[in-house]
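One structure is given here, and the rest of the page talks about it.
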Amino acid sequence: MKLTWSLLTLAGLISPCLAKIYEDVSDLPGFEYDFVIVGGIKSNTLRGAAGNVVANRLTENPDFSVLVLEAGVSNEGVIDSIVPEFVEDLLTYNIYEWNYTTMPQIGLNNRTIPYWRAHILGGCTAHSESVFIYSWSLINLWRADGMIYTRGSAEDFNRYAAVTGDPGWSWDNMFPYFLKNEKWTPPADHHDTNGEFDPAVHSTDGINSVSLNGYPWPVFDHHVIQTTKELPEEFPFNLDFNSGHMLGVGWLQSTIGGGERSTSATSYLAPNFIQRDNLNVLLHAQVSRLVDPDKTTGELTFGGVEFLQGGSLFTAKATKEIILSVGSVGTPNILMHSGIGDSKALIALGIPSVLDLPSVGQNATEQPLLTAAWSVNSTQTLDSFTHNLTRFNEAYTEWNRTKTGPFVEGGVTHIAYMRLDADSPIFENVTDPSAGPDTPHIEIRMGTGAGFQPTSVLGAPTGHFMSMVQLKAATSGSITLQSNNPFDPPLVDLGLLKTDFDIYTVQEAVKRAYRFVQAPVWQDYIIAPVTDLSSLSTDALDEYMRNNASYASHLVSTASMSPKDASWGVVDPDLLLKQASGPFIPSAHIQAATYVVGERGADLIKERWK
Ligand SMILES: Cc1cc2nc3c(=O)[nH]c(=O)nc-3n(C[C@H](O)[C@H](O)[C@H](O)COP(=O)(O)OP(=O)(O)OC[C@H]3O[C@@H](n4cnc5c(N)ncnc54)[C@H](O)[C@@H]3O)c2cc1C
Ligand SMILES: *[C@@H]1O[C@H](CO)[C@@H](O)[C@H](O)[C@H]1NC(C)=O
Ligand SMILES: *[C@@H]1O[C@H](CO)[C@@H](O)[C@H](O)[C@H]1NC(C)=O
Ligand SMILES: *[C@@H]1O[C@H](CO)[C@@H](O)[C@H](O)[C@H]1NC(C)=O
Ligand SMILES: *[C@@H]1O[C@H](CO)[C@@H](O)[C@H](O)[C@H]1NC(C)=O
Ligand SMILES: *[C@@H]1O[C@H](CO)[C@@H](O)[C@H](O)[C@H]1NC(C)=O
Ligand SMILES: *[C@@H]1O[C@H](CO)[C@@H](O)[C@H](O)[C@H]1NC(C)=O
Ligand SMILES: *[C@@H]1O[C@H](CO)[C@@H](O)[C@H](O)[C@H]1NC(C)=O
Ligand SMILES: *[C@@H]1O[C@H](CO)[C@@H](O)[C@H](O)[C@H]1NC(C)=O
């Protein structure tokens with residue numbers, strides 16, 4: 001034991017910032033910890049947020065030892081993860097990616113599409129919400145990360161509380177966790193932000209940086225706000241859509257601080273935290289399954305987790321709890337390979353059933369995404385920096401020297417949240433899936449630049465553009481297994497555009513976007529739509545959507561929470577695996593929700609081991 005700690009100290013002298021982040025399993029001081037957390041460290045591409053939050057909060061108690069196992073690579077010095085505008089290398093088939101491809105999507109005319117999940121410390125917070133733009137060479141796509149910070153509606157959280165029977169998940173109870181997570185930060189250009197957000201619902205002393213955009217697009221910004229004055233009934237201004245009341249058009253807030261992307265790795269595993277003696281992180285450690293199931297006490301427990309590094313399998317033991325935070329694809333995958341899931345399906349693959357929980361991997365929910373783009377009579381666009389090598393290099397140099405300029409943000413400037421009309425014909429046959437009358441069905445995000453999606457970008461001519469993206473919650477995808485080999489990728493079915501409601505809502509969102517630019521202020525600005533979606537018949541628009549829609553990277557619900565006595569669900573409201581002991585953080589919502597689930601999850605664990 002003594003020897004181990006003195007070795008650690010030496011390592012600390014050599015590389016103080018990374019003292020506790022190990023690349024090689026042979027450097028790990030031990031294989032037994034109070035808590036073993038799987039996944040979710042600080043990547044710059046995908047989310048992986050929750051695990052780092054729990055690791056940070058648990059190690060506030062010096063008596064707890066924590067090991068984090070992350071399959072991916074270090075985020076340290078990965079420029080595409082640091083520069084908000086870049087994510088070039090992150091979203092292609094490469095070392096920062098899991099390289100998933102979806103099953104043929106029936107709603108997308110059987111297309112299969114790449115499904116991005118980060119394989120890097122920080123998980124998907126490293127490359128959240130993405131914008132595709134032309135690179136200067138017009139050959140490579142640069143995908144910028146939106147890093148969009150939205151909490152959801154108060155009704156969303158109150159519904160979690162109602163559905164799970166635990167008032168702890170209500171908006172009022174979760175609100176302090178948003179404040180605990182958030183470190184409100186001035187934008188990179190230090191402009192006057194009065195009237196662009198409501199300080200009363202933000203916190204400046206949390207951990208994860210959030211800011212307004214730090215580079216202005218004066219004409220575009222003006223036109224958006226002017227639209228809220230010219231068409232206030234349909235597009236009212238909302239000072240702050242993170243107040244619990246989302247409806248209306250508001251200024252974008254992003255997880256960016258000081259001109260750099262803020263991820264769960266750069267925040268919750270910052271040097272001052274990672275230096276704690278009781279926190280170890282091991283990279284390149286892909287967990288295959290939970291091991292040593294034990295039912296002798298009546299309750300199921302697992303002794304540890306098995307992981308692969310460099311072709312060999314190892315086991316890390318947890319004496320208190322194992323926390324699974326490997327995202328909405330990884331979490332059901334590991335559970336099923338551990339024998340937890342639909343027992344019939346698992347046995348058919350030759351995996352012994354340990355716990356029959358048919359909901360594992362089911363009810364997967366993703367959001368379809370469709371881009372509308374217009375060419376514009378303005379050179380004040382993102383394209384003017386990304387189409388032109390001289391200006392691209394100038395902008396990059398400016399970012400490099402002062403962390404300012406057009407590369408300090410992701411390209412989205414504002415978001416409009418709105419509801420379908422109450423008398424929409426779709427409601428004749430479909431129950432409103434939203435959490436309540438103050439919760440949106442449609443999100444339209446807007447910005448300068450050719451588009452937010454590879455297909456639309458590839459189809460767009462050279463020039464200057466603005467674009468909007470429409471999305472809403474879809475239903476009924478799944479994560480299932482193709483074999484009993486834990487290192488085979490799982491089968492990812494997003495269920496995109498499978499329901500009448502999804503198709504209706506995306507069509508309606510397209511109409512809203514076209515009505516938005518009908519405001520008089522856009523008259524001399526917009527030249528023409530890249531593809532005129534407003535002139536398409538319902539059937540033609542339907543076909544266009546199936547051929548061009550993508551997803552928003554918001555997969556949730558594959559390890560869903562349900563009331564303690566429910567016959568469905570994967571975890572109880574305390575995030576413990578049903579009929580078992582040892583907690584599981586579910587893959588939750590978008591990043592802000594993921595952070596607060598991590599925050600409350602950590603509190604629940606601390607409470608259990610007081
Ligand atoms: C391209 C993209 C853009 C997004 N944009 C936004 C946005 O703008 N705003 C927003 O709010 N949200 C956005 N999101 C969603 C947000 O990033 C996620 O909701 C959040 O990161 C989820 O966190 P998580 O911990 O559940 O999972 P993840 O972030 O997926 O993290 C899981 C981690 O576990 C690791 N892991 C997986 N399997 C294993 C294994 N077997 N062994 C060990 N480690 C493993 C992964 O490598 C990863 O680091 C985006 C997501 C993507 C993919
Ligand atoms: C994804 O593909 C790239 C390129 O083929 C490869 O280098 C990388 O290791 C793959 N990622 C994983 C998690 O296997
Ligand atoms: C998609 O695949 C299904 C199942 O194979 C098939 O029934 C359907 O006709 C296909 N749809 C299209 C548009 O090709
Ligand atoms: C999906 O979720 C609903 C609740 O929203 C639940 O009633 C249903 O049983 C779930 N299905 C599965 C397979 O878990
Ligand atoms: C662009 O705007 C200028 C005035 O600012 C006008 O002269 C020109 O005709 C416009 N071009 C187009 C294509 O609308
Ligand atoms: C590229 O930008 C430079 C610097 O602003 C400018 O001088 C040049 O005309 C631009 N080139 C094109 C093709 O627009
Ligand atoms: C960024 O700055 C570093 C030195 O501070 C320099 O080595 C590097 O070349 C710069 N990169 C760019 C793109 O300007
Ligand atoms: C609702 O369902 C009925 C019966 O199937 C059908 O006749 C009607 O057209 C549907 N309404 C809408 C708006 O789709
Ligand atoms: C979008 O859909 C249309 C019509 O279905 C199709 O012709 C077009 O090629 C698609 N665009 C892209 C960029 O795939």
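These figures come from a predicted structure and were not determined experimentally. One-based numbering, in listed order, for ligands and for the atoms of each.
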For R391, atoms of ligand 6 separated by under 4.0 Å from a heavy atom: 2 (O), 4 (C), 5 (O)

In the protein, what heavy atom is nearest to atom 6 (C) of ligand 6, and what distance, to one decimal place, separates them? N388 ND2, 4.3 Å

Give the atoms of ligand 1, by number and element, whose distance to some non-hydrogen atom of A71 is under 4.0 Å. 42 (N), 43 (C), 44 (N), 45 (C)

Mark whether atom 2 (O) of ligand 3 lies under 4.0 angstrom from at least one protein heavy atom. yes

I'd like to know whether ligand 1 has S264 as a neighbour, heavy-atom separation below 4.0 Å. no

Hey, would you say the F157 and F178 ring centroids sit under 6.0 Å apart? yes

I334, portion touching ligand 1 at heavy-atom distance under 4.0 Å: side chain

Of the protein's non-hydrogen atoms, which lies at the shortest distance from atom 13 (C) of ligand 3, and what is that distance? N109 OD1, 3.8 Å

Enumerate the atoms of ligand 1 whose separation from the nearest heavy atom of W98 is less than 4.0 angstrom. 36 (N), 37 (C), 38 (N), 39 (C), 45 (C), 46 (C), 47 (O)

A student comparing T594, T263, V287, I148 should find that the heavy atom closest to atom 41 (N) of ligand 1 comes from V287

Could you tell me whether some N/O pair between N110 and ligand 3 is separated by less than 3.5 angstrom? yes

4.0 Å heavy-atom contact, Y149 with ligand 1: no

Looking at R151 and N242, would you say the former's side chain and the latter's main chain have a donor-acceptor pair under 3.5 Å? yes

Checking contacts now, so for atom 9 (O) of ligand 6, which I'm interested in, is there any protein heavy atom under 4.0 Å? no

Might you work through the ring-ring contact (aromatic ring centres under 6.0 Å, His included) test for F197 and W184, ending with a clear yes or no? CA-CA 11 Å; F197 78 114; W184 186 266; 4.4 Å; yes

Test side-chain hydrogen bond (donor to acceptor under 3.5 Å, both in side chains) on T404 and E398; report intermediate values, then the result. CA-CA 6 Å; T404 60; E398 179 179 2; 2.9 Å; yes

A285 heavy atoms within 4.0 Å reach ligand 1 at atoms 42 (N), 43 (C)

Counting neighbours of CG on D500 that are heavy atoms of other residues, nucleotides or ligands and sit closer than 6.0 Å, is the number greater than 12? no

K180, NZ atom: more than 12 neighbouring heavy atoms under 6.0 Å: yes

Taking the basic N atoms (NZ, or NE/NH1/NH2) and the acidic carboxylate oxygens, is any pair closer than 4.0 Å for D542 and R546? yes

Between S211 and Q253, is there a side-chain donor-acceptor contact under 3.5 Å, judged purely by atom types and distance? no

Under 6.0 Å between ring centres, would you say that holds for F385 and F392? no

Below the 3.5 angstrom mark, is there an N/O of Q286, backbone or side chain, next to an N/O of ligand 1? no

Close aromatic pair by centroid cut-off 6.0 Å: F273 and Y268: no

Nitrogen or oxygen atoms of M147 and ligand 1 under 3.5 Å apart: yes

